[in-house]
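Note that ligands are numbered from 1 as they come in the structure, with each ligand's atoms numbered from 1 the same way. Positions are given from 1 along the sequence.
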Amino acid sequence: MKFHLLTIFPEFFEGPFKHGVVARGAQFGALELIVHDLRKWTHDLHRTVDDRPFGGGEGMLLKPQPIFEAVEAIWPEKTARQKVILLSAQGRRFTQQVAREYLDAEELLFICGRYEGVDERVAEHLADDEISIGDYVLSGGELAAAVVIDSVARLLPGVLGNADSAVNESFEDGILDCPQWTRPAEFRDWKVPEVLLGGNHAEIRKWRRQAAIEKTARLRPDLSPQK
Ligand code: SAM
């Protein structure tokens, strides 16, 4: 899958994508990351990307013109499997299910907002999806785009070492993953549950399922197991 990032801070992505799963996926050709500097599509000396909001109010907004021209230059003949995603605190909530929806796309292009946000015509007439990573306000869409890309990348075939890793994780069947422990079996008087030490795999599976349900009820009562 190809991920495009449209940003006024291209250097931001040197950090998040340099290590771990995304870097490995890029190395093995399962994904490609292309960072585009939004200022490339400005036409004035100062390479202006922002302007004041109509009606007054705080701060500046990203102008529509460079953003529309950038997307049109990147995808002159956009297909149904090329999706434009606007990162926005006002968007629909990003979840594991949305990450799986994105797997149907061949290419995703993320518009990273800044300042007080983005001219609404981008959401209305250019973006296929307007996505929020949670109910809080970030300073820019770059962090949010990195979060979305990381979670989609780990679902791509061949990116995780073990293909089962992604299907046994939190949210995949509606609830949280089960709690887990590693050695030592006893640490500062806290013991690992006995059943996990016994090697009875059927018992362990049953115990883990119950532990996952209990942890979900305790910490995320809004979630419930899928039938
Ligand atoms: N004035 C906007 C509002 O209150 O909805 C917030 C703008 S925010 C300071 C600047 C940019 O950060 C946004 O355009 C968006 O791209 C990004 N952003 C902020 N919070 C986000 C969130 N929860 N999810 C995704 N992107 C977010």
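- Side-chain contact between Leu156 and Phe28 is absent, with no heavy-atom pair separated by less than 4.5 Å.
- Among Lys2, Lys78, Arg81, the one residue that satisfies the salt bridge (charged side-chain N to carboxylate O under 4.0 Å, His left out) test with Glu106 is Arg81.
- Annotation: Val118 places no N or O atom under 3.5 Å from an N or O atom of ligand 1; distance criterion only.
- Numbered from 1 in the order shown, with element, the atoms of ligand 1 that lie under 4.0 Å from a heavy atom of Tyr136 read 20 (N), 22 (C), 23 (N).
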Check against side chain to side chain contact (heavy atoms under 4.5 Å, CB included), Arg39 and Val49 = CA-CA 7 Å; Arg39 292 190 199 277; Val49 288; 3.6 Å; yes
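- Proximity to Tyr115 (heavy-atom distance under 4.0 Å) selects the following atoms of ligand 1: 7 (C), 8 (S), 9 (C), 10 (C).
- For the pairing with Ile131, the side-chain contact (heavy atoms from CB on, under 4.5 Å) check across Val147, Thr95, Leu86, Val98 returns one residue only, Val98.
- Around atom CD of Glu58, no more than 12 heavy atoms belonging to other residues, nucleotides or ligands sit under 6.0 Å away.
- Atoms OG1 and CZ, on Thr182 and Phe187 in that order, are 12.0 Å from each other to the nearest 0.5 Å.
- Contact analysis puts Ile131 in contact with ligand 1, with a non-hydrogen atom separation below 4.0 angstrom.
- Remark: ligand 1 and Val137 share no N or O pair separated by less than 3.5 Å (distance only, no angle test).
- Of the options Glu142, Gln90, Glu130, the smallest heavy-atom separation from atom 3 (C) of ligand 1 is shown by Gln90.
- Of all protein heavy atoms, the one lying nearest to atom 26 (N) of ligand 1 is Ser88 N, 3.3 Å.
- Counting atoms of ligand 1 from 1 in the listed order, those under 4.0 Å from a heavy atom of Glu116 are 1 (N), 2 (C), 7 (C).
- Interface of Ala144 with ligand 1, defined as ligand atoms under 4.0 Å from a residue heavy atom, comprises 25 (C), 26 (N).
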task = Take Arg92 and Asp129 through the salt bridge (Lys or Arg N to Asp or Glu O under 4.0 Å) test and state the conclusion after the steps.
result = CA-CA 8 Å; Arg92 74 173 171 131; Asp129 208 355; 2.8 Å; yes
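- Of all atoms in ligand 1, numbered sequentially from 1 with element shown, those under 4.0 Å from a heavy atom of Gly141 are 12 (O), 16 (O), 17 (C).
- Counting heavy atoms from C-beta on, the side chains of Tyr102 and Ile85 come closer than 4.5 Å.
- Listed by atom number, the atoms of ligand 1 under 4.0 Å from Gly113 heavy atoms are 11 (C), 14 (O), 16 (O).
- More than 12 heavy atoms of other residues, nucleotides or ligands lie within 6.0 Å of CG in Asp44, so this atom counts as buried by the packing criterion.
- Separating the CG atom in Leu108 from the CG atom in Leu5 is a distance of 10.0 Å, to the nearest 0.5 Å.
- Listed by number with element, the atoms of ligand 1 under 4.0 angstrom from any heavy atom of Leu87 are 15 (C), 16 (O), 26 (N).
- Taking a 4.0 Å cut-off on heavy atoms, Phe94 fails to register as neighbouring ligand 1.
- When hydrogens are left out, the protein atom nearest atom 8 (S) of ligand 1 is Leu138 O, 3.2 Å; that is the closest non-hydrogen contact.
- Taking atom 24 (N) of ligand 1 as the reference point, the nearest protein heavy-atom neighbour is Ile133 N, 3.0 Å.
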Residues 15-24 side chain polar contacts: donor-acceptor under 3.5 Å, at least two apart:
residue	atom	partner	partner atom	Å
Arg24	NH2	Val159	O	2.6

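- Taking atom 27 (C) of ligand 1 as the reference point, the nearest protein heavy-atom neighbour is Ala89 N, 3.8 Å.
- Taking distance alone, with nitrogen or oxygen atoms compared against 3.5 Å, Cys112 stays at or beyond that limit from ligand 1.
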